[in-house]
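Position 1 is the first residue of the sequence, and the numbers go up from there. In each ligand, atom 1 is the first atom listed, and ligand 1 is the first ligand listed.
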Amino acid sequence: MTDPKSLLALETSPPCFSAEAAAAFARDIFGIDGPAKPLYGERDQNFRITPAQGPGIILKILSPTELESAVDFQTIVLDHIQAMDPSLPVPRVRRTLAGDAYAFVKDAADTPHMVRALDFQPGRVMDDVEPPPALLRDVGAQLARLDRALANVFHPGMGQKIVWDLRAIEILRPSAALIEPAQDRALVEAVLERFLAFRPHLDRLRHQPVHNDLHPGNMLVDADATRLTGMLDFGDMIHAPLIFDIAVTAAETVGTSLDPIAYATEIVAGYDAVNPLQPEEFGALFEAIIARHALAATIMAWRKQNDPEGAEKLAALAGIGIAAIQAFLAAGKERVVARFRAACASRPSAGLTARRFAVLGKGLELSYEEPVHLVYGQGAHLFAPDGTDYLDAYNNVPSVGHGNVRVADAISRQMHWMCTNTRYLHETVVAYAERLTATLPDGLSQVLFVNSGSEANDTAYRIAKAVTGKSGAIVISGAYHGITEISAALSPYHGPQAQPLEPYIEVLEVPDPFRGRFTEAAPYAADADRAIAALQAKGLGVAMLLVDSAFTAHGITAAPAGYFAAIAAKVREAGGLVVGDEVQSGFGRMGEAFWGFARHGVVPDMVTLGKPMANGHPTGAVVTRPEILEIFQRKIEFFSTFGGNPVSAAAALATLNVLQEEDLQGNAQRTGTALRAGIASLQGRFPLLADVRGAGLMTGVEIFEAGQPSRALAKRIANAMRRAQVLIGTEGPQGNVLKIRPPLPFNGADATRFLETLERVLAGL
Ligand code: PMP
């Protein structure tokens, strides 16, 4: 194993030429004539040469131990940056009068030293500046430009072994034993261990040449400290994970007016705007930032013991590291990553509510009394621009979780290739249709792709009409099935006053054992006889029955066992087709079964799909039997421009893969059952929770006040939950049912947070 000494020893004695000698070198070798002013240098002896005109140069006389290859390395890198991004504030390498990057001079003992020159860069060192947010953003942005410029340069010197490479932690770890006091030592050792455990993940991240030392001592800023004017010292460059560069700057660029995470957040956001980070890099950045602090503390401790003079030079670093590690760990990785990502995603959006109403219309209601502005999501969590974290217990569309990387990658990748329509051969749409139909009962084997649940229901009705030759349709009272002319007609959701029923539609009494007239299936099912007779009496006959088997719009009512099967049998007997609207209940949400209809012992003739199908990418479908589709396609030339396009198919396939591989149906079953048990356990203390029901991660909670359903109280609870950072909705014909329907990765910890928040909110009413 490498001896830490070989990495840690500081070269502390730069050469000692006189200022007169330096001025003579500048004049004779570089053709710059002016006085020489000595500057500090750790290894090189540095002079600023100021000629009568122009900004002048920094003349560097190198220690005799310095290798020519190291100077070549820096020259190649700086020339490359100059070529890639000429306005980046990095030093340019001045050539000698002979056109070389360096020359040799001799000291009194006849020892040769390399001498080289860089253009002088104006500005003051950032070290003694309290960096305002605008400067931090600029630092991030300029570092991002630097990394973009560095991406494709190569020199064997980038393989150098240096102590400030986070991957050297393994070698330095024993030196952490020297850290005092003991609690700091324990903290640093824990972070080092944590980074070593994380180490294998680094190998999967983007690698490239990185500066690796852009701390405030190596940055210059303008007079009012709003812009970076110089980036110095390319001596620690290595080939490493890209995030190392951000970690160094984000860890060390701190002041006293903000919390340490805020400084890092501004830098990361500035960086990402220029050189976008990849999703997995955010978490790695958290690890690298705390590891950088732990590494610095370890190096400090080693120097104190072995190299007191070197330690003094690093003394400024001491202290900030421990406090920063504590701040990052106290906030936790998830929250810090969320703050980073939210800051990267957010754009200034002053007056957004008013602007939105102005261009989208007043009628498009916003959820909650205090609207929620969201910029980033992960799993069942959503985040505001300032990083405020909401638990999402409402959204069913991102069924495999917000910001799902596999779905996002599938969409992006396919969009980069091409996106066209289903009239050309394409593997993905066929593969997806095969995979989808494999999850459905035998017979439901052909797929017609559309773009939404509304289109799917609209199309299902057209198919039913074409196949049966009838035109009557039966739906449940208060159901919601969509926004097109037909699917809206099939949606008596807004009530007969707002929307009179079309003559071809009959509605059935809601099978609701909690508030309805009966608790058994048979008397509810008998209503289908009446509806069928009515349609027949009008001479329309029955084309189809359409049922959302989660009974979502009705308040997630618990239809009595056998109800759906009974009405399906009656409709079939009358010659109609049975359509399962799986927009809400499909794709594993109900826990007990992958498809909602399966919980009711029914195999529909058609199913309609939408919302969760592609995790938010607009995709819908009708799945049916070949003999049904055959009749429809013979009669009607049906083609959807976007339906089943390769991007939608890729999104849907990725979604199905995640659903199955992560067993999200199983999670829905387990977590949903525990969640309802938890809510039910609050009923004793809070009798306003009149009924708790549902399946999987689809839950309805009936809210009563003074023995009556209360829309106002349900709204108050939803708004109070929102203020407590948990998102739910209200539903049902009287608007008094809490709708709790989270993304399927909603886990045990999320359920606990939900229950604790609900209890607090109810206690505070
Ligand atoms: N069917 C059901 C059961 C629904 O809940 C919805 C949407 N809420 C739709 C159909 C319509 O889907 P979309 O909004 O995608 O058109």
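Of the listed residues (V547, I476, V475), just one forms a side chain to side chain contact (heavy atoms under 4.5 Å, CB included) with L508, and that residue is I476. No option in H402, Q378, H381 other than H402 meets the side chain to side chain contact (heavy atoms under 4.5 Å, CB included) test with D392.
For the pair R423 and F639, the cation-pi criterion (under 6.0 Å, within 45° of the ring axis) is fulfilled.
Ordered by chain and residue number, the residues placing a heavy atom less than 4.0 Å from ligand 1 are S452, G453, S454, N457, Y480, H481, G482, D548, D581, V583, Q584, K611.
For the pair W595 and L440, the minimum side-chain heavy-atom distance is below 4.5 Å.
Environment of CD in E485: sparse, with no more than 12 heavy atoms of neighbouring residues, nucleotides or ligands closer than 6.0 Å.
Not counting sequence neighbours, the partners of S452 by the side-chain contact (heavy atoms from CB on, under 4.5 Å) test are S454, E455.
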